Protein chains: 2
Amino acid sequence: MRAEVAAIAGDLMLERGYERTTVEDICAAAEISRSTFFRYFPSKEDALFGLTLDAGEDLREALVARPDSETPWTAMRRALDPLIEKYEADDERVRLLTRLVVTTPALLARHQEKNARWHELLRAEVSRRLGADPDDRADPRVDALVGASLACVHAALTAWTTGERPGVKLSVILDRAMDAIA
Amino acid sequence: MRAEVAAIAGDLMLERGYERTTVEDICAAAEISRSTFFRYFPSKEDALFGLTLDAGEDLREALVARPDSETPWTAMRRALDPLIEKYEADDERVRLLTRLVVTTPALLARHQEKNARWHELLRAEVSRRLGADPDDRADPRVDALVGASLACVHAALTAWTTGERPGVKLSVILDRAMDAIA
DNA sequence: TCAAATCTGGTACTGTGTCTCATGTTTGGA
DNA sequence: TCCAAACATGAGACACAGTACCAGATTTGA
């Protein structure tokens, strides 16, 4: 049911844009009340993000699984592989939705808020790999490393979604992005 | 006048937090109407950001002024010097306001929206330095480089504002952040 | 079959942001 | 000095997101 409403919301937003789709529009199309909508989703943005399951914990586990011999940067890149593969495996609709997110300021803001949660999840492991004090808030290296990695993901997603239809593979784009820095 | 309202807004938000300060509260304290408030500032968030002048164009010019012999990463780091100095020179109030921004999701989102504008301004010059096609949307290197730099700035600001009062200099923190990556 | 738990819809409310219209208030000539 | 155009301000209505509370329906399990 939740998934069904999310699908309808996605359709409407792809068709008319995010701002020009009101919650009432979605409710009318899904034949539910406003009350029920907000019982399903804490906010209008989440009607979109609800589809893509939260991969933060998977990402953390993938990072932990990387050998210590890898630099933090390389380990991050490899830990991202499963996530990237998931994007590549998904159908065109996911790519269009991702583009909508990347190009709509309000959605992008919420997306980065989600990324901030990933960021938190990854801090401990990156900190360990750097041999840093996890509680030392004056050490910016952990946040810099994680933030820069996620910035590369964002750059790659932007390039991937705004480019031509049969474009370069996302994994290759991400390689280019991350190699350009470290 | 605008600056005065912004100062009052800052006071209230520092005292009671961002969400718990309504536009009406600010209007009452500043003795203006809601209409006038929204004529001064396009949104509640901007009552805070209105204080700090937009340094995006300065940043771009500073980057252009760096010699071509520097790598893009180094050039970015050096171009950030004037901005960093400005932060360090400002009084304690600016540091508290910055902390408020960094720790309040809604404000952070808007702040990153501003950064996205900086990002756009810097694209052309970074693209030139990389010898990339500025219109090639499939090349993620430019966005990755700029995004990662700004992520480092964010990491540094977070460390700087949440740390102890007579902490490490911001420029040193930023060095640590950017050196940790490239 | 009954009763508790859950799902749903309705209504009223707060808060941000937009819009329009009616007052002032300033400014710059004649 | 007076008039008029430009401008700033305030008031009110509105759209929309999100919250809180309550009442009725539906399901679930003993």
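We name chains A, B, ... by the order of the sequence lines, and we start the count at 1 in each one. Model, not experiment: these values are computed from the prediction.
Nucleic acid contact class of S35(B) (heavy atoms, under 4.0 Å, all strands): base. Among the atoms of the strands shown, only primed sugar atoms or phosphate atoms (P, OP1, OP2) are found under 4.0 Å from some heavy atom of Y40(B).
Below 30°, between 30° and 60°, or above 60°: for W160(B) and Y87(B) the angle between ring planes is above 60°, a perpendicular geometry.
In this structure, the side chain of T104(B) does not engage the main chain of L107(B) through any donor-acceptor pair within 3.5 Å. Judged by distance alone, the side chain of T162(B) and the main-chain N or O of T158(B) form a donor-acceptor pair under 3.5 Å. Judged purely by atom type and a 3.5 angstrom limit, R2(B) uses its side chain to pair as donor or acceptor with the backbone of Y40(B). Under the 3.5 Å distance criterion, the side-chain polar atoms of D58(B) are left unmatched by any main-chain donor or acceptor of A55(B).
Here R117(A) does not pair with E120(A) in a salt bridge; the nearest charged N to carboxylate O distance is not below 4.0 Å.
Atom NZ of K44(B) is separated from atom P of dT14(C) by 16 Å (rounded to the nearest Å). Rounded to whole angstrom, the span from the CZ atom of F41(A) across to the P atom of dC7(C) amounts to 15 Å. As rounded to whole Å, 12 Å separates atom C1' of dT23(C) from atom CZ of R39(B). When rounded to the nearest whole Å, the span between CZ of F37(A) and P of dG9(C) equals 13 Å.
L96(A) and L12(A) end up in the same hydrophobic cluster when Ile, Leu, Val, Met, Phe, Trp and Tyr side chains are linked at under 4.5 Å.
Using a 4.0 Å cut-off on heavy atoms, none of the residues of residues 12-28 of chain B approach DNA chain D. For DNA chain D, no neighbouring residue in residues 105-113 of chain A is found when judged by any heavy atom under 4.0 Å.
A75(B) is linked by a side-chain contact (heavy atoms from CB on, under 4.5 Å) to L63(B), R66(B), E70(B), R129(B), counting only residues two or more places apart in sequence or in another chain. Considering only residues two or more places apart in sequence or on other chains, E88(A) meets the side-chain contact (heavy atoms from CB on, under 4.5 Å) condition with I84(A), K169(A), L170(A), S171(A).
For the pair K44(A) and Y18(A), the cation-pi test (distance below 6.0 Å, angle within 45°) is passed.
Counting 5' to 3', DNA chain D first comes under 4.0 angstrom of a heavy atom of chain A and last does so at the ends given by dC16(D) to dT19(D).
Residue pairs that meet the side chain to side chain donor-acceptor pair (under 3.5 Å) test with at least one member in residues 173-182 of chain B, sequence neighbours left out, are R77(B)-D175(B).
Positionally, the nearest nucleotide of DNA chain D for I32(B) lies more toward the 5' end than for the other of P42(A) and I32(B).
Side-chain atoms of R34(B) and base atoms of dG15(C) include no donor and acceptor less than 3.5 Å apart.
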